[in-house]
Amino acid sequence: MATDRYTSPLSERYASKEMQYIFSQDKKFRTWRQLWIALAQTEMELGLKNEDGEPVITQEMIDELKAHADDINYDVAKEREREVRHDVMSHVYAYGQQCPKAAGIIHLGATSCYVGDNTDIIVMTEALRLVRKKLLNVISELARFADAYKELPTLAFTHFQPAQPTTVGKRATLWIQEFLLDLEDVEHVLDSMKLLGSKGTTGTQASFQELFQGDQETIDRIDPMIAQKMGFSYCYPVSGQTYSRKIDTRVANVLAGIAASAHKMSNDIRLLQHLKEVEEPFEKNQIGSSAMAYKRNPMRSERIASLARYVMVDALNPAITSATQWFERTLDDSANKRLSIPEGFLAVDGILDLCLNVVDGLVVYERVITKHMMAELPFMATENIMMDAVKKGGNRQELHERIRQLSMEAGENVKKRGMENNLLELIAQDSAFHLTLEELQAGMDPARYVGRAPLQTEKFLKDAVAPILEKNKELLGVKAEICV
């Protein structure tokens with residue numbers, strides 16, 4: 001590791017090796033060569049001929065290009081780029097040095113965006129597939145957690161104030177549902193990704209009009225044949241020199257959506273850890289604070305939130321770039337794209353690995369959850385208590401007012417005097433209710449107050465989650481490695 005220069009924490013600390021390779025120089029330049037081979041093959045298959053009627057491209061040339069598709073002579077390309085200040089032409093030159101028979105037909109009829117933009121689409125598509133895979137695994141782990149705790153009552157919160165109870169598992173389904181929405185978005189964008197194809201300097205395919213002597217039917221076959229060779233179904237039907245930068249915006253917005261879902265879940269986990277109800281994994285030798293040795297900080301969840309904010313803000317970059325492109329192209333997108341797209345993916349990759357790690361090791365403290373529940377349950381049980389008292393001859397309106405007054409008194413006892421919640425005792429002492437303390441306590445089963453939460457969880461996992469996981473079962477089983 002270089003210690004005398006800046007290195008990105010996304011590669012040093014957060015993103016997986018798999019995602020880093022997708023955005024590596026090696027992946028980029030190997031893809032360039034695959035695209036040059038696809039172009040040359042297409043031109044050969046379409047019968048490109050010279051003025052004498054002889055083939056311009058031969059199978060021998062194609063074989064030579066294929067033989068050197070992966071052994072890139074980076075030293076030659078770098079030296080050439082110092083001279084000509086053009087990365088594409090430097091690699092055309094370097095490839096030609098290895099393939100002397102094919103040197104003259106490499107990049108024939110293409111512009112720089114043929115390799116640059118098509119590679120960007122290919123790389124983003126591959127990266128989206130990895131994101132989809134990890135997203136499915138997060139959903140799977142959360143589904144396992146939700147199922148395990150679908151019946152465990154817990155305080156629900158609105159405005160972070162105690163509200164009608166839910167279950168630990170039901171709360172987890174809320175996280176899953178947001179990730180399912182993200183999965184839908186990822187799949188939609190993946191299904192709609194198309195290559196740029198080879199359309200020339202302003203998107204008019206003028207160079208191919210010249211090469212193929214105006215044969216429109218032949219020219220129409222170029223893009224579909226290149227797409228098929230590169231594993232795509234279609235190319236965008238029209239373009240300027242580049243594919244529309246709105247594509248980058250769509251991709252970045254999907255990443256931002258995943259980041260937002262992960263941020264919401266991580267916030268909930270951080271709050272639950274403060275309450276000592278649920279805790280993220282904490283390793284045996286992990287240090288929570290340099291000063292306070294007793295502390296167990298939710299640092300993984302905090303890191304999720306931190307990276308997520310970066311991704312959500314990063315989504316503005318492609319949007320602004322898309323909005324400010326002039327006519328058929330301007331180059332003010334290039335430097336921005338080199339940062340915003342790879343780093344958005346690397347950050348989301350790190351976020352999903354952290355989510356996997358956290359959810360896989362979540363610790364649930366059932367006794368603390370029950371203690372908090374029982375401290376608030378008397379307030380929440382008042383409607384049932386009132387109905388029981390009416391059955392014994394009480395007046396509903398009068399009882400409602402008495403409960404209101406007694407609840408206020410019990411609340412003051414807790415907040416001002418530091419007492420336990422004594423609402424049940426106060427109700428038992430009030431003759432209007434005709435209920436004993438034992439009868440009141442018998443009704444304090446938290447499971448009575450969670451509504452349909454267990455059933456909702458069960459049905460959601462069965463109907464909404466299980467079919468998706470079954471369909472993608474070959475992608476499940478990923479375990480995340482956290483660097484720090």
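Because only heavy atoms are used, hydrogens play no part in the values below, and waters and symmetry mates are left out as well, while side chains stay in.
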Exercise for the section: Keeping the roles fixed (side chain from D360, backbone from L356), state whether a donor-acceptor pair exists under 3.5 Å. Expected result: no

Practice task
Can you measure from CG (D120) to CZ (F23) and round to the nearest 0.5 angstrom?
Solution key: 8.5 Å

Exercise for the section: Would you check if there is a donor-acceptor pair between the side chains of S261 and D182 at a distance under 3.5 Å? Expected result: yes

Practice task
Tell me, with the steps shown, if F29 and T119 meet side chain to side chain contact (heavy atoms under 4.5 Å, CB included).
Solution key: CA-CA 9 Å; F29 294 127; T119 294; over 6 Å; no

Practice task
Decide whether a cation-pi geometry holds between R303 and Y14; the criteria are a distance under 6.0 Å from NZ or CZ to the six-membered ring centre and an angle within 45° of the ring axis.
Solution key: no

Exercise for the section: Name the orientation class of the two ring planes belonging to Y74 and H91 (parallel below 30°, tilted from 30 to 60°, perpendicular beyond 60°). Expected result: perpendicular

Problem - Parallel, tilted or perpendicular, as decided by the 30° and 60° cut-offs, for the rings of F212 and F208 - result: parallel

Practice task
Find out whether N267 and H263 are in side-chain contact, i.e. whether some heavy atom of one side chain is under 4.5 Å from a heavy atom of the other.
Solution key: yes

Practice task
Any chance you could measure L190, atom CG, to D185, atom CG, to the nearest 0.5 Å?
Solution key: 11.0 Å

Practice task
Output yes when a side-chain donor or acceptor of N317 lies under 3.5 Å from a complementary backbone atom of S340, and no otherwise.
Solution key: no

Practice task
Please test I222 against I226 for side chain to side chain contact (heavy atoms under 4.5 Å, CB included), starting from the C-alpha separation and ending with a verdict.
Solution key: CA-CA 6 Å; I222 294 172; I226 290 171; 3.7 Å; yes

Handout entry: Expected output: side-chain E343 to main-chain L10 donor-acceptor under 3.5 Å
Key = no

Handout entry: Whether T125 side chain and I121 backbone form a donor-acceptor pair below 3.5 Å
Key = yes

Practice task
Apply the test salt bridge (Lys or Arg N to Asp or Glu O under 4.0 Å) to residues E178 and K264: give CA-CA distance (whole Å), side-chain angles for both, the deciding distance (0.1 Å), then the verdict.
Solution key: CA-CA 9 Å; E178 297 203 348; K264 189 268 189 287; 6.0 Å; no

Problem - Any side-chain donor near an acceptor of the partner, D349 and S16, under 3.5 Å - result: yes

Handout entry: Under 3.5 Å: donor-acceptor pair, side chain of T111, backbone of T201
Key = no

Practice task
For the residue pair Y149 and E366, confirm or rule out a side-chain donor-acceptor distance under 3.5 Å.
Solution key: no

Exercise for the section: Tell me yes or no: between the side chains of E328 and T202, is some donor less than 3.5 Å from an acceptor? Expected result: no

Exercise for the section: State, without any angle test, whether D71 and H68 hold a side-chain donor-acceptor pair at a distance under 3.5 Å. Expected result: yes

Problem - Test item: Q20 side-chain N/O and A15 main-chain N/O as donor-acceptor pair under 3.5 Å - result: yes

Handout entry: Side chains of L196 and T242 in contact at under 4.5 Å (non-hydrogen atoms)
Key = no

Exercise for the section: Might you point out which heavy atoms bring K462 and P467 nearest each other, and give the distance in Å? Expected result: O-CD, 3.3 Å

Problem - Student check: side-chain heavy atoms of R132 and L475 closer than 4.5 Å - result: yes

Practice task
Compute whether any side-chain donor of one residue and acceptor of the other, for E64 and Q98, lie under 3.5 angstrom apart.
Solution key: no

Problem - Donor-acceptor pair, side chain of K199 and main chain of A110, under 3.5 angstrom - result: no

Practice task
Could you go through the salt bridge (Lys or Arg N to Asp or Glu O under 4.0 Å) check for K170 and E151 one step at a time?
Solution key: CA-CA 8 Å; K170 171 63 193 301; E151 295 182 352; over 6 Å; no

Handout entry: Spacing of CD1 belonging to I72 relative to CH2 belonging to W32, to within rounding of 0.5 Å
Key = 9.5 Å

Problem - Pair R309-D314, salt bridge (Lys or Arg N to Asp or Glu O under 4.0 Å): steps then yes or no - result: CA-CA 8 Å; R309 287 198 293 273; D314 185 57; over 6 Å; no

Problem - N-O pairing of E187 and R129 below 4.0 Å - result: no

Handout entry: Side-chain ion pair, K78 and E81, N-O less than 4.0 Å
Key = no

Practice task
Run the numbers on I62 and Q59 for side chain to side chain contact (heavy atoms under 4.5 Å, CB included), then give the verdict.
Solution key: CA-CA 5 Å; I62 299 297; Q59 187 60 48; 3.9 Å; yes

Exercise for the section: Please answer whether the main-chain N or O of V76 pairs with a side-chain N or O of N73 as donor and acceptor at a distance below 3.5 Å. Expected result: no

Handout entry: Short N-O contact, K150 and E458, less than 4.0 angstrom
Key = yes

Practice task
Would you please say whether a donor-acceptor pair under 3.5 Å links the side chains of Y243 and D248?
Solution key: yes

Handout entry: Inter-residue atom distance S112.OG - D87.CG, 0.5 Å rounding
Key = 7.0 Å

Problem - Evaluation steps, salt bridge (Lys or Arg N to Asp or Glu O under 4.0 Å), between E45 and K229 - result: CA-CA 12 Å; E45 290 165 5; K229 287 177 172 61; 2.8 Å; yes

Exercise for the section: Using atom types as modelled and distance alone, determine if a side-chain donor or acceptor of S244 lies under 3.5 Å from a backbone N or O of K246. Expected result: yes

Exercise for the section: Take I369 and L275 through the test side chain to side chain contact (heavy atoms under 4.5 Å, CB included) and record every step on the way to the result. Expected result: CA-CA 9 Å; I369 290 171; L275 296 171; over 6 Å; no

Handout entry: Ion pair check, K27 and D70, cut-off under 4.0 Å
Key = no

Problem - Side chain S11, main chain S8, donor-acceptor under 3.5 Å - result: yes

Problem - Residues D63, K66: salt bridge by 4.0 Å N-O rule - result: no

Problem - Minimum-distance pair of heavy atoms, taken over all atoms of A172 and F145 - result: CB-CD2, 3.8 Å

Handout entry: Salt bridge D332-K337, side-chain N to carboxylate O under 4.0 Å
Key = no

